[in-house]
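Let me begin by presenting the structure, written as structure tokens, before commenting on it.
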Amino acid sequence: MVYKVYSGRVGGVFGDLITVEVDSSTGLPAFDMIGLLGSEVKEAKERVRVALKNNGINLPAMRITVNLSPADEHKSGAAFDLPIAVAILGVFNYIPLFEPKETLVIGELALDGQIKSVKGIIPIVKMAKERGFERVLLPADNAREGCVIKGIDIVAVSNLSEVFASLAGGSFNTFKASFDEPVKENNEDVPDFDDIYGQEGAKRAAALAAAGFHHLLMTGPPGSGKSLIAKSLPSIMPDLTYEESLEISSIYSVMGLLNSDKPFISRRPFYSPHHSASLQSLAGGGPNATPGLVSLSHRGILFLDEMPEFKREAIDMLRQPMEDGKIMVSRARNSYTYPAKFMLVGAMNPCPCGYFPDRNRCTCTQSQIVKYLSKISGPVADRIDICVEVPRMDPLDMNKTRGNVTKDEYKGRINDAIERQRARYRDENFKFNSFLPSSKTDKYIPLEKEAKEFVFSLYEKLKLSTRSFYKILKVARTIADFEGSDDVSKNHLMEASLYRFPAYVGGGGLNV
Amino acid sequence: MFESGYDATNPENVFFFYYISVCGSVGPVLYERIKNTFRTPEEFLSADEKMLKNTGRFSDKQIQRFIDVKKDDRIKREFDRMNHMGIKMIPIEDNDYPELLKDISDPPVVLFVKGKIPSKTAVNVGVIGARECSDYGKAVADRLGDALARAGVCVVSGMARGIDSLSQAAALRAGGSSIAVLGGGVDVIYPRESKALYYDLAKEGTIISEYPPGTMPQRQFFAMRNRIISGISHTLAVIEAKEKSGTLITVDNALSQGRDVYTVPGRITDITSYGTNELIRQGAGIISDVNAFADEIVKRYGNYLSCSFVDAPNISTASKYSDVESAVIKNMGENSFTTDHMSSVIDIPSFELLGICMSLCEKNILSSLGAGRFRATARGIDIRNDIIKAADEKHHNDLDW
């Protein structure tokens, strides 16, 4: 006789359905597990047998075969302990009232029958909901995480006897937890945008980047405030929507970074890896092709301080995610695509000593500067939409905060700009100007005659590449949104052109 | 010269000079000795080791070198290749050889030339300065090159990065002529970043060297080439120099060759102006206005030149610009700046300045460099000076009143 219980596992950031089949037949007593299992899955047979015994259920002396299908895909993790135990209960007819087709079961067993938390709950619950399951039986510690997905019952269980009682009786206690919508961010420990004195020009550029989700590069001498601007950017970024939160939470769930205290990511991720970061830590990898920092900072900020100090291959790897908003991580067994729509914020000195182009203070030779700047390869530089210089301020001038735009003003304008973009791109699969494909610029960025002539004269005069040309158009669109204007005017285009890369970055001439 | 005299149409004559320049270290003294020993170039070229020894006028080392080069059959091929590439040779006996250069203590025996043959009548001004120059130096190099070219003066320099290449490029852009003196063969582009300038010079100007084509530039060659820069120039203009720099070596050469040296003053706190200010202290001439300097040079040396065709600077009035625009114009210098810099100088918030700077870009007073940085154009600096002058006059008048 065969008994089937459904469970799930995570592939990338998506859940896959796994069927746990158990058969008992006469013959020499044995407990076999098959289905391309990792060693931790094979060990489940001891955990299940002992846990059942400790809860008063001794397995009869029969030949028990457990199969996890699809059988050609490698399975890992301890989350199949509970479904195997349930299937064994089923095959020996302990739970006749239980209808396995309606319930997805997941959880790890301890020897005494306690049920422990597992990774990747959100994607699995999401998959269960999409496949029409009525409820998910999961560890109590994961319950709040599971409740993030609406429209499916979550049954939290903490030990095997509870499961047994519930299944034998055929009734479930649904766990309830609700989340605010939209999600309020908790930004208390984020440096405040208002704390930056002076640097209005740089602050504006950073705010524009946030308004259109453009990648941003700040150059400037040491101690001028590049890092502070980057770190305080989250304080003016718009609150996460529920959908955004869910996307981020899925990735965190896969990495096992959620718990009952923090079942849901409610603030924009901000990652600032040290420049010794390896390629794998940024891109993702490891034996199971797990997500890297580019995915963990999805919908948030990936801040690379001292960008030229990073390994060149690490920076070059960013090209695909910067362009496509996702990254494909391939390993021997698996190949997964993870979302990676992060906003890259880079900070760099313009030369090894940091003072170029101020020749009075800069002690670097020309070749040193060229070598330093060439670490940001042209293709990466080409994908950064906004580049701004953060100049060194005289301490005396810093107290002049004249005309300071406050944080709330910035935040308000950014929110408005994002609303405008959302309305404009409601029929598209992207939401921000930075993701606007060049084929659709004509549709969404119509230009008046004067503006059109101006932008073409820019193209000629600045000898722009085609990509840089579209970059200026997209940034101009964001500036117009930021200013609350429906049309992109000549002034918007001109300001956008100011944020292009200076010739001395990216291997251009140094005689600027 | 040899008894037979120099004849540019005689290939043997030409080859002789190529040969001795390949031998290297043949300076005017050794050349004189060869000349006095043999009757014709052919005789020297056909002399074998024994004959050379018998003359008793050459050291063993020199003879060894002559013989080694003679044995090497590549030299003929290289000679043909040079002719094929259109590189010309001007031996010291040639009529085209610059008169000025003949007067220095150790003139090169041969000059290799790519591009136009240097004019005998032109006034040459050597423009030299720091490779790692400031924005101020760049701006002055640009204007000086331009002013000299407009006055019909030929700009001589070394095509190095920084002041050298900027002044030469400006001269060519203004339609003038320019001579680059290289520290390697004239077919070796050094430094690489001057590639564009090199091709422009090959077309519109002149590239010269005392080293045969194919010679790679070497450190010690640069000091030697500097003596040629000052040697073919009537006057030397130094734009920026640090305390210890190669530029100052050229200045020493120029002084020992009896050339006038002019410098561009800088602020005493700028390390790129230490050298030039020190030269002023020692009595160098001062360039306070590039056009006046160009005029002065033409008046002093330009016997053959018609009067200069310097454009009068555009007289523009301050009234054309709004108050805030004038404030920005008045406060901009040669150094590039961002709106945040400017905002700390004049009390106008950055985001307003952004718009003002953009409109000034349109009026060709500022140019945008990217990353939010601006720099005043040459025209912008002229206008700034006009505005400041007008303001001063008004101030004076007010006081008189």
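Every value quoted in this text rests on a predicted model; they were computed, and no experiment measured them. Order of the sequence lines sets the chain letters (A, B, ...), proteins ahead of strands, with each chain counted from 1.
For T272(B), the parts sitting under 4.5 Å from any heavy atom of chain A are the backbone and the side chain alike. With a 4.5 angstrom heavy-atom cutoff, T269(B) touches chain A only via backbone atoms. Residue contact with chain A, scored on non-hydrogen atoms closer than 4.5 Å, involves the side chain of F374(B) exclusively. Looking at R500(A), both its backbone and its side chain come within 4.5 Å of chain B, counting heavy atoms on both sides.
Taking 4.5 Å as the heavy-atom cut-off, none of the residues of residues 479-487 of chain A approach chain B.
Ring centroids of Y470(A) and Y459(A) are separated by 6.0 Å or more, keeping the two rings apart.
Salt bridge absent: D195(A) and K231(A) never bring a charged side-chain N and a carboxylate O closer than 4.0 Å. The pair K474(A)-D385(A) fails the salt-bridge criterion, with no side-chain N (NZ, NE, NH1 or NH2) lying under 4.0 Å from an Asp/Glu carboxylate O.
Applying the 6.0 Å contact sphere to CD of Q220(B) captures more than 12 heavy atoms from other residues, nucleotides or ligands.
Looking at residues two or more places apart in sequence or on another chain, you find a ring pair (Phe, Tyr, Trp, His ring centres under 6.0 Å) between Y262(B) and F293(B). Residues forming a side chain to side chain contact (heavy atoms under 4.5 Å, CB included) with F454(A) (at least two apart in sequence, or on another chain): S457(A), L458(A), K490(A), L493(A), M494(A). Scored by the side chain to side chain contact (heavy atoms under 4.5 Å, CB included) test, D340(B) finds Q199(A), E200(A), A202(A), P391(A), M393(A), T338(B), S350(B) as partners (sequence neighbours excluded).
Under 3.5 Å, the side chains of E495(A) and Y499(A) contain a donor-acceptor pair of N or O atoms.
Most heavy-atom pairs under 4.5 Å with chain A: of the set S368(B), G355(B), A130(B), this distinction falls to S368(B).
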